[in-house]
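Every chain is numbered from 1, with letters handed out A, B, ... down the list of sequences. Every value quoted in this text rests on a predicted model; they were computed, and no experiment measured them.
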Amino acid sequence: MTVRVRFAPSPTGYLHVGGARTALFDWLFAKKNGGKFILRIEDTDIQRSTRESEESIMQDLKWCGLYWDEGPDVGGIFGPYRQSERVSAGIYEEYANQLLEAGMAYYAIYELEDTKRILKRTTSEKEANKYRQKGHSITVNFKTPNGKTVFDDIAKGKMEFDNSTFEDLVIVKSNGYPTYNFAVVVDDHLMKISHVVRGEDHLTNTPKQIMLYEALGWEKPKFMHIPLILGPDKTPLSKRHGGTSVDYFRSYGIIDKAFVNYLALLGWGVENEIFDPFKKIESFDLHRLSSKPVIFDYAKLEWINGQHMRSMPVEELIEKFKSWLEGNYSKGLGWFENIEYAEKVMEICRQKVNNLKALKDFVEPFFVERPIPTQDAKKILDLPYVQSYLLSALGAIKMLNNWNVKNVERVIRTVAASENISKKKFFQLLRVALLGQTVTPGLFESIYVLGKERSLTRIQYVLNDISK
RNA sequence: GCCCUCAUCGUCUAGUGGUCUAGGACACCGGCCUUUCACGCCGGCGGCUGGGGUUCGAAUCCCCAUGAGGGCGCCA
């Protein structure tokens, strides 16, 4: 059997971390079994579905590295992959009619005054049309059969539901669109989906869908429901807890690899927590996924992000950082013209931060002609005798010819020792003069990376200001 | 209310009847390193939801209770 797994978002908003995790597991499962990963857009809610969110969802999936084999943009032999287009093709109508003809479904005619109350049920299309013309809204409802519905969930095992707990299911809305549960069944069948791996919020939809499979005489796929992601207070993760959209984490400065790493970690017990899920496809196993709701831990995500930032090749970090800058800031795009310099800067700055936003703050003073001092920095520059200390430093740096970190450290320490000031204060002063900030990478490394010329210029700038 | 699922440190997890005085990671606390802030290293705190069984033996199996999550839409 060919494994075919789908991710089927409805385009009514951004891609949520929970959705991204489901998609990741779908993808992993498909690839592990040499199967296909399919993207289907469930836009049967015509009021809330938009093309913009469809596009942003696709963009976010791609950012996560989750590319699909079949989908609305790339096509495939089971298309179209947008349900609205499948409605136009009459796909759902055909099967609704089939159920109607078999007497397994009926037209529900609602009262004119109270559109929630069913006035009459009939299987006659003629009769239904008569009411339709009089302005009654009409849906097609599936008659819940008697008995029990049983299925095996890959994670949870045997699942048994008494059908009497379910109402009859609306399968075609009064506007002619199929409802979720109906469209899903038709599409999963027609698209030859072998495994339905989705969020646990769909667990009780499954028996309803299975009743439909059975009524239509179709073989049902295998099901697996994965737990939901909660916020720290164990309520569903929402904006109150911080960001929830993939886009939020991207603009916050989380790197794609780290994000996917964390998502995979949530529920997947691994020995080494820092890893690339795309390189561990072989060891992925749906059965080993945790089955309890998991709490999203922003702190751990950031820690993982920091680990990735430090361990990836600098060139790669620069690529990630550049595209992040492009998306979030207008400046900074010229920072990497001198790539050799840029790499050195990134190398010393990445040691200190856990996200790209923080990295930007560290890196920026190195790239501007003259850093603008922060409030704290200004206070230090206003202290007495600053001029003489800076002059000493300037002289020492000027004299230094063999430019390396060791030598920089040696001369700076020598000057510090000879001055009537604590070395701590002296170092802070220099740091602020050179970079305009009280928190920076190591002082000697910074001076070394800035280079002799740049360092001298910057100190001179400050001296000029003081003498004014 | 009815139906379903789940239950190991604060969080994510390892653990599938004896190797568990329960292991790891994040967070937290303390120390080292140190020019700032971090990183890193070392150490600490901290848990099997409760009660009944089964068994020579239970975190592991069964039952009940409790708690948490989900569902019960012409939303998906």
Side-chain angles (χ1 to χ4, degrees), chain A residues 8-13 42-45 47-49 83 108 110 115-116 137-141 153 155-157 159-162 164-167 169-184 198-208 225 227-230 232-236 262 265-274 288 290-304 306-307 309-310 349-354 358 362 376-377 380 409 412-413 416 422-432 435 437-446:
Chain A
S10 66
T12 54
E42 311 220 320
D43 54 349
T44 51
D45 183 341
Q47 266 82 34
R48 296 195 303 144
S49 298
Q83 290 185 328
Y110 296 84
T115 53
K116 292 263 188 292
S137 54
I138 294 174
T139 60
V140 179
N141 294 11
D153 185 278
K156 303 179 193 302
M159 219 58 74
E160 191 175 305
F161 293 84
D162 197 322
S164 64
T165 58
F166 301 113
E167 308 272 326
L169 202 65
V170 175
I171 59 173
V172 180
K173 306 179 198 177
S174 57
N175 66 5
Y177 271 66
T179 56
Y180 164 74
N181 278 306
F182 185 55
V184 165
R198 66 206 338 181
E200 200 174 299
D201 47 340
H202 288 293
L203 190 59
T204 39
N205 280 325
T206 307
K208 301 177 191 175
H225 294 89
L228 267 16
I229 297 180
L230 307 178
D233 58 356
K234 295 194 174 182
T235 62
Y262 178 66
L265 206 57
L266 236 39
W268 183 2
V270 288
E271 46 320 320
N272 188 358
E273 294 190 321
I274 303 302
R288 288 196 53 86
S290 159
S291 55
K292 71 169 189 187
V294 289
I295 291 170
F296 195 85
D297 187 347
Y298 289 82
K300 186 137 189 184
L301 207 211
E302 261 205 88
W303 175 76
I304 287 179
Q307 295 293 317
M309 284 175 72
R310 259 162 256 128
C349 290
R350 86 210 283 208
Q351 306 302 332
K352 307 245 158 193
V353 295
N354 283 332
F362 262 70
D376 290 348
I380 292 174
E409 175 163 3
I412 298 297
R413 280 192 188 280
S422 75
K423 63 177 177 176
K424 192 167 175 173
K425 281 188 176 156
F426 183 76
F427 290 156
Q428 262 320 68
L429 172 60
L430 250 189
R431 179 191 315 283
V432 157
L435 296 165
Q437 295 185 358
T438 52
V439 177
T440 72
L443 180 60
F444 313 124
E445 290 85 347
S446 297

Asker: Report the nucleotide, chosen from rC37(B), rA7(B), rC75(B), that has the shortest atom-to-atom distance to any side-chain atom of S291(A).
Answerer: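 In terms of side-chain proximity for S291(A), the closest of rC37(B), rA7(B), rC75(B) is rA7(B).
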
Asker: Please state the P separation for the pair rU36(B) and rC45(B) - nearest whole angstrom.
Answerer: 30 Å

Asker: Determine: side-chain N/O of K173(A) to OP1/OP2 of rC75(B), distance under 4.0 Å, yes or no.
Answerer: yes

Asker: Using atom C1' in both nucleotides, what's the gap between rU66(B) and rG51(B) to the nearest angstrom?
Answerer: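 Between the two C1' atoms, the distance is 10 Å.
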
Asker: Rounded to the nearest angstrom, tell me the gap between atom NZ in K234(A) and atom P in rA7(B).
Answerer: 12 Å

Asker: Please compare L301(A) and W268(A) by the position of their nearest nucleotide in RNA chain B and report the one closer to 5'.
Answerer: W268(A)

Asker: How close or far is atom C1' of rA76(B) from atom OH of Y177(A), stated in whole angstroms?
Answerer: 15 Å

Asker: Distance check: side-chain N/O of K423(A) vs OP1/OP2 of rU35(B), anything under 4.0 Å?
Answerer: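 Yes, because at least one side-chain N or O of K423(A) sits under 4.0 Å from OP1 or OP2 of rU35(B).
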
Asker: To the side chain of T179(A), which of rA76(B), rC12(B), rG70(B) is closest?
Answerer: rA76(B)

Asker: Suppose you measure atom P in rC56(B) against the same atom in rG50(B); what distance do you get, rounded to whole Å?
Answerer: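 Looking at atom P only, rC56(B) and rG50(B) are 24 Å apart.
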
Asker: Rounding to a whole Å, what distance do you find between D297(A):CG and rU11(B):C1'?
Answerer: 5 Å

Asker: My understanding is that a pair needs two contacts under 3.5 Å, Watson-Crick or G-U wobble. By that rule, which nucleotide pairs with rU19(B)?
Answerer: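 Pair assignment: rU19(B) / none.
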
Asker: Within a radius of less than 6.0 Å around NZ of K425(A), do more than 12 heavy atoms belonging to other residues, nucleotides or ligands occur?
Answerer: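 No, NZ of K425(A) has 12 or fewer neighbouring heavy atoms, counting only those of other groups under 6.0 Å.
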
Asker: Could you tell me whether the side chain of R310(A) and the main chain of K352(A) form a donor-acceptor pair under 3.5 Å?
Answerer: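 No.
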
Asker: Kindly compute the distance separating CG (N181(A)) from OG1 (T206(A)), expressed to the nearest 0.5 Å.
Answerer: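 Spacing of CG (N181(A)) from OG1 (T206(A)) equals 8.5 Å.
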
Asker: Where the side chain of R413(A) is defined as all heavy atoms beyond and including C-beta, which of rU35(B), rC72(B), rG69(B) is the nearest nucleotide?
Answerer: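 When the side chain of R413(A) is considered, rU35(B) is the closest of rU35(B), rC72(B), rG69(B).
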
Asker: Over how many whole Å does the gap from E200(A) atom CD to rG71(B) atom P extend?
Answerer: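 These atoms are roughly 10 Å apart.
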
Asker: Rounded to whole angstrom, note down the P distance from rG40(B) over to rC26(B).
Answerer: 8 Å

Asker: Tell me whether the OP1 or OP2 atom of rA76(B) has a side-chain N or O from T44(A) closer than 4.0 Å.
Answerer: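 Indeed, a polar side-chain atom of T44(A) lies that close.
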
Asker: What does G442(A) touch in the nucleic acid at a heavy-atom separation under 4.0 angstrom: a base, only the sugar-phosphate, or nothing?
Answerer: base

Asker: Could you please spell out the steps behind the side-chain contact (heavy atoms from CB on, under 4.5 Å) verdict for R413(A) and F427(A)?
Answerer: CA-CA 9 Å; R413(A) 280 192 188 280; F427(A) 290 156; 4.1 Å; yes

Asker: From the options rC74(B), rU13(B), rG69(B), select the nucleotide whose nearest atom is closest to the side chain of S174(A).
Answerer: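 Within the option list, the nearest is rC74(B).
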
Asker: Look only at the side chain of Y262(A) and the backbone of D297(A), and say whether a donor-acceptor pair between them is shorter than 3.5 Å.
Answerer: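 Confirmed, Y262(A) side chain pairs with D297(A) backbone.
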
Asker: Measure from the side chain of W303(A), starting at C-beta and using heavy atoms only, and say which of rA25(B), rA7(B), rG69(B) lies closest.
Answerer: rA25(B)

Asker: Kindly assign one of parallel, tilted or perpendicular to the pair F166(A) and F161(A), based on the angle between their ring planes and the thresholds 30° and 60°.
Answerer: tilted

Asker: Figure out the CG/C1' separation between N205(A) and rC75(B), and round it to whole Å.
Answerer: 10 Å

Asker: Classify the nucleic acid contact of L443(A) as base, sugar-phosphate or nothing, counting any heavy atom under 4.0 Å across all strands shown.
Answerer: base

Asker: Hey, which sits more toward the 5' end of RNA chain B by its nearest nucleotide, E409(A) or R288(A)?
Answerer: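 The residue mapped nearer the 5' terminus is R288(A).
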
Asker: Can you see if the side chain of S290(A) gets near the phosphate of rU13(B) - specifically, an N or O under 4.0 Å from OP1 or OP2?
Answerer: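 For rU13(B), OP1/OP2 do have a side-chain N/O of S290(A) under 4.0 Å.
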
Asker: Could you tell me whether E273(A) contacts a base, only the sugar-phosphate backbone, or nothing, with contacts defined as non-hydrogen atoms closer than 4.0 Å?
Answerer: base

Asker: Under 3.5 Å for both donor-acceptor distances, Watson-Crick or wobble: does rU54(B) have a partner, and if so which one?
Answerer: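 Paired with rU54(B), as far as the under-3.5 Å criterion goes, is no nucleotide at all.
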
Asker: So which nucleotide from rU13(B), rC6(B), rC74(B) ends up closest to the side chain of V294(A)?
Answerer: rU13(B)

Asker: Has the side chain of R431(A) got a donor or acceptor atom that lies under 3.5 Å from a matching backbone atom of V439(A)?
Answerer: no

Asker: Examine rU36(B): is either OP1 or OP2 under 4.0 Å from a nitrogen or oxygen in the side chain of K425(A)? Give yes or no.
Answerer: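 Answer no for this pair, as no side-chain N or O of K425(A) is under 4.0 Å from OP1 or OP2.
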
Asker: Return the pairing partner of rG10(B) with a 3.5 Å limit on both distances, Watson-Crick or G-U wobble; otherwise return none.
Answerer: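 Partner of rG10(B): rC26(B).
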
Asker: Can you tell me, in whole Å, how much space there is between the C1' of rU8(B) and that of rG47(B)?
Answerer: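 One C1' to the other, the span is 6 Å.
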
Asker: Nearest 0.5 Å, what's the CD-NZ distance between E200(A) and K156(A)?
Answerer: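 So the CD of E200(A) and the NZ of K156(A) are separated by 3.5 Å.
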
Asker: Between rA7(B) and rU49(B), how many Å separate the two C1' atoms, rounded to a whole number?
Answerer: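 Those two atoms are separated by 8 Å.
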
Asker: Does any nucleotide pair with rC41(B) by Watson-Crick or G-U wobble geometry, both distances under 3.5 Å, and what is it?
Answerer: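 Looking at the geometry, rC41(B) pairs with rG31(B).
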
Asker: Report the distance from atom NZ of K352(A) to atom C1' of rU34(B), rounded to the nearest whole Å.
Answerer: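 Atom-to-atom, K352(A) to rU34(B), this comes out as 9 Å.
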
Asker: Over how many whole Å does the gap from K424(A) atom NZ to rU34(B) atom P extend?
Answerer: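 Taking atom P of rU34(B) as the reference, NZ of K424(A) is at 13 Å.
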
Asker: Would you indicate what T165(A) reaches in the nucleic acid, counting non-hydrogen atoms under 4.0 angstrom: base, sugar-phosphate, or nothing?
Answerer: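 T165(A): backbone/sugar contact only, no base atoms under 4.0 Å.
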
Asker: Starting at CG of L230(A) and ending at P of rC12(B), how long is that distance when rounded to a whole Å?
Answerer: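 Computing the L230(A):CG to rC12(B):P distance gives 9 Å.
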
Asker: Within this structure, what is the CD-OG distance for the pair E42(A) and S49(A), rounded to the nearest 0.5 Å?
Answerer: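 The CD atom of E42(A) sits 10.0 Å away from the OG atom of S49(A).
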
Asker: Compare side-chain N and O positions of K292(A) against OP1 and OP2 of rC12(B) and report whether any pair is under 4.0 Å apart.
Answerer: yes

Asker: Roughly how far apart, to the nearest Å, are rU54(B) and rA14(B) at atom C1'?
Answerer: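 Their C1' atoms lie roughly 26 Å apart.
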
Asker: Output yes when at least one side-chain N/O atom of R310(A) is less than 4.0 Å from OP1 or OP2 of rC39(B), else no.
Answerer: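 Answer no for this pair, as no side-chain N or O of R310(A) is under 4.0 Å from OP1 or OP2.
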
Asker: Taking the P atom of each, how far is rU16(B) from rA59(B), in whole Å?
Answerer: 13 Å

Asker: Are Q307(A) and rG40(B) close enough that a side-chain N or O sits under 4.0 Å from OP1 or OP2?
Answerer: yes

Asker: rA65(B) pairs with which nucleotide, Watson-Crick or G-U wobble, both distances below 3.5 Å?
Answerer: rU49(B)

